[in-house]
Visitor: 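Below is one structure. I have some questions about it.
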Amino acid sequence: MHASCLIKFPPPILSPGLHSFLGILMLEISSPQGSTLAAVALIAAEDHNMCQQMHAAVVKSGAANVTSVSNALISVYVKCASSSLGMMPHSSSFLMCEARKLFDEMGERDELTWTTMIAGFVRNDDLISAQEFLDQMDDSLTVAWNALISGYVQHGSFYKALEMFRNMQALGMELDEFTYTGVLSACTNAGLLRHGTQVHAHILRTKMKPAPDFMLSVNNALLTFYWRAGKADQAQHLFESMPKRDLVSWNAVLSEYVKSGRINEAKKYFLMMPQKCVLSWTVMISGLAQNGYGEEGLKLFHQMKVEGYEPCDYAFAGAIISCSALGALKHGQQLHSQLVRLGFDGSLSVGNSLITMYARCGVVEAAKCLFLTMSSLDSVSWNAMIAALGQHGKGTDAIEMYEEMLREQIVPDRITFLTVLSACSHKGLVDEGQRYFDSMSASFGMIPGEDHYARMIDLLCRAGKFSEANRLIESMPIKPGIPIWEAMLAGCRVHGNMDLGIQAAERLFELRPEHDGTYILLSNMYATVGRWDDMAKVRNFMRERGVKKEPGCSWIEVDHMVHAFLVGDTKHPEITAVYEYLQELGPEIIKLGYVPDTQLVLHKIDTDQKEQVLSTHSEKLTVAFGLLKLPPSAPIRIFKNLRICGDCHKWMKLVSQFVKREIIVRDGRRFHHFTDGACSCGGYW
DNA sequence: GTAGGGTTAG
């Protein structure tokens with residue numbers, strides 16, 4: 001029996017061979033040699049049941065006094081406690097207690113014993129015990145201090161980590177690459193540019209004999225530090241000048257490109273990478289999904305598998321988010337079933353992304369069902385569910401969900417309030433929204449940001465409370481920016497408040513002259529009140545500045561394929577059938593009271609032509625295609641890049657009444673469920 | 001026994 005061949009067994013799956021082998025070793029345990037070997041095998045197996053049996057056998061045989069054996073046992077307890085795969089929720093604290101008991105029973109403890117315990121506490125989120133143990137140690141051991149620094153960083157106690165670093169310096173302790181990367185990570189996360197720069201200077205000053213890859217790991221930490229401190233150029237320069245780069249260096253830069261939304265650079269860089277791992281693929285896939293490249297995200301996910309990489313749960317989450325952007329429900333469901341087969345369905349990020357996927361694909365019930373059956377939930381899950389209900393116009397349910405979240409002792413964060421306020425806005429719940437907005441600072445000590453103010457302005461303006469909205473803007477501690485004026489303009493359009501609307505639009509023209517939405521909203525407002533000259537002025541203004549209206553585009557998933565239609569589409573292979581069907585549908589919808597709302601057409605053309613333009617709006621084409629292709633009883637779920645236009649909104653109501661089918665439209669902002677001639681939005685859009 | 005690169009909510 002050789003220890004070297006034991007370590008080759010792959011953890012943590014306990015192969016039958018290893019299992020029986022452990023059994024044999026249990027019999028040999030009476031000799032310290034035999035028990036050390038068995039402990040080594042145990043570490044490889046990471047099996048807590050075997051560990052407990054072994055613990056008992058070791059105590060019985062008196063081998064507990066052999067430090068190396070007890071160290072190995074402690075190590076297994078600690079690892080099993082933190083992996084908690086398929087275990088009961090309380091078993092991790094139980095296993096840590098067992099480790100502690102063993103520690104207390106030991107006659108002699110060495111550095112490894114102490115460090116294993118401290119690292120174990122850190123891994124199991126018990127920093128208080130970790131600090132206690134560290135304080136009890138006679139010697140100041142760098143490894144142990146490093147472990148605690150990393151623990152503080154993981155828990156967001158960045159200043160604690162810095163304090164430990166300073167103490168290490170004061171004690172004259174040896175500082176290694178783990179110490180420096182730990183403290184740099186604290187500076188990165190706390191946004192401490194000056195501190196981090198000082199640490200960098202300190203490293204450069206130190207004349208020590210460093211470990212072979214000392215500067216490689218330190219440089220990797222510095223890359224992220226400089227980038228997040230707003231010094232992307234400096235970070236890039238560092239990357240170029242590094243004498244040695246590894247996967248971590250490449251992944252660090254890739255993820256920073258993605259995080260800062262520089263997706264085209266990220267794509268180029270991804271192709272350039274000399275080596276990739278699952279993590280690189282994951283970063284790229286979710287980066288694409290987050291930046292609206294759902295189709296490319298999904299393609300990359302498949303390519304990843306083709307190239308022989310096994311997607312992890314995070315990669316699946318990225319692919320699922322691609323589906324939600326696309327509205328590819330069938331595809332998302334396929335991924336869901338793959339996940340279950342692979343055993344990833346317990347993963348929080350996967351569960352959370354599935355909630356969003358079902359909701360954003362229009363099936364809010366499925367999202368709710370998933371939420372209710374998930375084995376664990378975090379604030380992200382609650383936020384996702386509240387957002388889902390709000391987007392579907394279920395404002396009251398969203399509020400109820402938020403109250404339940406509080407009862408469950410989940411602390412709401414800034415995003416929770418954004419979702420709650422949006423939910424109130426989509427349903428016109430002014431008083432409730434005001435109460436939650438006030439509670440942010442009063443009950444949770446959170447200062448509302450500009451985005452929170454914008455939601456409030458949206459809520460107030462949609463409800464026609466313009467003087468309240470103005471008062472709120474005046475009371476803001478920050479200068480109102482784009483989100484505030486956008487909310488105001490949208491509210492003014494709903495209520496035809498020209499004066500205020502023009503003011504808001506002017507602010508927006510100053511802040512963002514290149515954005516098409518402002519021109520469109522303002523000219524629509526002029527059109528509604530018949531101010532044709534002013535409308536023409538806005539249009540000229542737009543032309544002079546070279547601003548192009550983003551074309552309306554809608555799409556639908558049929559037979560696992562996404563079919564997209566542009567306004568006045570001529571490219572789709574089945575477009576003729578679509579127009580024919582719309583021709584048939586026309587008189588029926590008019591019989592139900594449809595009158596084309598030609599005021600909404602921007603071009604200076606006659607009424608017939610305007611009706612023609614309206615009748616080819618992308619959302620109408622897409623609904624017609626869905627009605628032609630989907631089975632008779634299936635709901636029609638369509639997606640649109642822009643907000644649905646008022647004429648299409650009326651049309652959809654009547655079509656849903658005529659064909660007796662549910663039509664669900666996701667526009668740029670929210671969902672509309674049309675049934676029997678009515679829409680779930682109740683006019684609040 | 002410790003580090004540097006990831007995910008999900010708006």
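A note on names: the letters A, B, ... follow the listed sequences, proteins ahead of strands, and every chain is numbered from 1.
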Visitor: Who pairs with A:Tyr159 by ring-ring contact (aromatic ring centres under 6.0 Å, His included), at least two apart in sequence or on another chain?
Guide: none
Visitor: Ignoring hydrogens and angles, answer whether the base of B:dG6 and the side-chain atoms of A:Asn251 contain a donor-acceptor pair closer than 3.5 Å.
Guide: no
Visitor: Just to verify, which of A:Ile149, A:Thr179, A:Val183 counts as forming a side chain to side chain contact (heavy atoms under 4.5 Å, CB included) with A:Met164?
Guide: A:Ile149
Visitor: Does any donor-acceptor pair link the side chain of A:Ser353 with the base of B:dT8 at a separation under 3.5 Å?
Guide: no
Visitor: Could you say whether the aromatic ring of A:Phe178 and the base of B:dT2 stack, counting only centre distances under 5.5 Å and plane angles under 30°?
Guide: yes
Visitor: Considering only side-chain heavy atoms of A:Val143, which listed nucleotide, B:dG4, B:dT8, B:dT2, is closest?
Guide: B:dT2
Visitor: Considering every strand and a 4.0 Å limit on heavy-atom distances, what is the contact class for A:Ile321: base, sugar-phosphate, or nothing?
Guide: sugar-phosphate
Visitor: Among the candidates B:dT2, B:dT8, B:dG4, find the nucleotide nearest to the side-chain atoms of A:Ala221.
Guide: B:dG4
Visitor: Would you please indicate yes or no on a ring centroid separation below 6.0 angstrom for A:Tyr436 and A:Tyr402?
Guide: yes
Visitor: Taking only residues two or more places apart in sequence, or in another chain, which ones meet A:Glu163 in a salt bridge (charged side-chain N to carboxylate O under 4.0 Å, His left out)?
Guide: none
Visitor: Consider the side chain of A:Thr356, meaning its heavy atoms from C-beta on, and name the nucleotide among B:dG4, B:dG1, B:dA9 that approaches it most closely.
Guide: B:dA9
Visitor: Closest to the A:Arg455 side chain: B:dG10, B:dA3, B:dG1?
Guide: B:dG10
Visitor: How many whole angstroms separate atom CG of A:Leu354 from atom P of B:dA9?
Guide: 11 Å
Visitor: The side chain of A:Thr115 is closest to which nucleotide in this list: B:dG4, B:dG10, B:dG1?
Guide: B:dG1
Visitor: For A:Arg109, report the nucleic acid contact type (base, sugar-phosphate, nothing); a contact means any heavy atom under 4.0 Å.
Guide: nothing
Visitor: Given atom OH of A:Tyr314 and atom C1' of B:dA9, what is their separation to the nearest angstrom?
Guide: 15 Å
Visitor: Nearest to the A:Leu247 side chain among B:dG6, B:dG4, B:dG5, which nucleotide is it?
Guide: B:dG5
Visitor: Check DNA chain B against residues 266-282 of chain A and give the residues with a non-hydrogen atom under 4.0 Å, in numerical order.
Guide: A:Cys277, A:Leu279, A:Thr282
Visitor: Within this structure, what is the CG-to-P distance between A:Asn124 and B:dG1, rounded to whole angstrom?
Guide: 13 Å
Visitor: Does B:dG5 have OP1 or OP2 sitting under 4.0 Å from an N or O in the side chain of A:Lys259?
Guide: no
Visitor: Are the charged groups of A:Arg455 and A:Asp451 less than 4.0 angstrom apart, N to O?
Guide: no
Visitor: Mind running side chain to side chain donor-acceptor pair (under 3.5 Å) on A:Asn352 and A:Ser349 for me, showing each step along the way?
Guide: CA-CA 5 Å; A:Asn352 293 341; A:Ser349 12; over 6 Å; no
Visitor: Check the distance between B:dG5's C1' and A:Arg228's CZ and give it to me in whole angstrom.
Guide: 9 Å
Visitor: Within the 4.0 Å heavy-atom criterion, would you say A:Asp413 contacts the bases, only the backbone, or no part of the nucleic acid?
Guide: base
Visitor: Taking the six-membered ring for Trp, are A:His200 and A:Tyr226 ring centroids under 6.0 Å apart?
Guide: yes
Visitor: Specify the separation, in whole Å, of atom OH of A:Tyr180 and atom P of B:dG4.
Guide: 16 Å
Visitor: Just by distance, do the side chain of A:Arg666 and the backbone of A:Arg360 share a donor-acceptor pair under 3.5 Å?
Guide: yes
Visitor: Closer than 4.0 Å, any side-chain N/O of A:Thr224 to the OP1 or OP2 of B:dG5?
Guide: yes
Visitor: For A:Gln290 and B:dA9, is the shortest distance between a side-chain N/O and OP1 or OP2 below 4.0 Å?
Guide: yes
Visitor: Have a look at A:Asp246 and say if it touches a base, only the backbone sugar-phosphate, or nothing, with a 4.0 Å heavy-atom cut-off.
Guide: base
Visitor: Looking at A:Phe165, is A:Lys160 sitting on its ring face, NZ or CZ under 6.0 Å from the six-membered ring centre and within 45 degrees of the normal?
Guide: no
Visitor: Using whole Å, report how far CD of A:Gln154 lies from C1' of B:dG6.
Guide: 14 Å
Visitor: Could you tell me whether the phosphate oxygens of B:dT2, OP1 or OP2, come under 4.0 Å of any side-chain nitrogen or oxygen in A:Ser150?
Guide: no
Visitor: Choosing from B:dG10, B:dG6, B:dA9, which nucleotide comes nearest the side chain of A:Asp451?
Guide: B:dG10
Visitor: Just the rounded figure in Å: distance from C1' of B:dG4 to CG of A:Asn146.
Guide: 13 Å
Visitor: Given atom CG of A:Leu223 and atom P of B:dG4, what is their separation to the nearest angstrom?
Guide: 13 Å
Visitor: Please determine, for the side chain of A:Ala119, which listed nucleotide (B:dG10, B:dG1, B:dG4) has the closest atom?
Guide: B:dG1
Visitor: Is the phosphate of B:dG4 approached by A:Ser185 (side-chain N or O, under 4.0 Å from OP1 or OP2)?
Guide: yes
Visitor: Which listed nucleotide (B:dT7, B:dG5, B:dG1) is nearest to the side chain of A:Ser255?
Guide: B:dG5
Visitor: Choose from B:dG1, B:dT8, B:dG5 the nucleotide whose nearest atom is closest to any side-chain atom of A:Lys79.
Guide: B:dG1
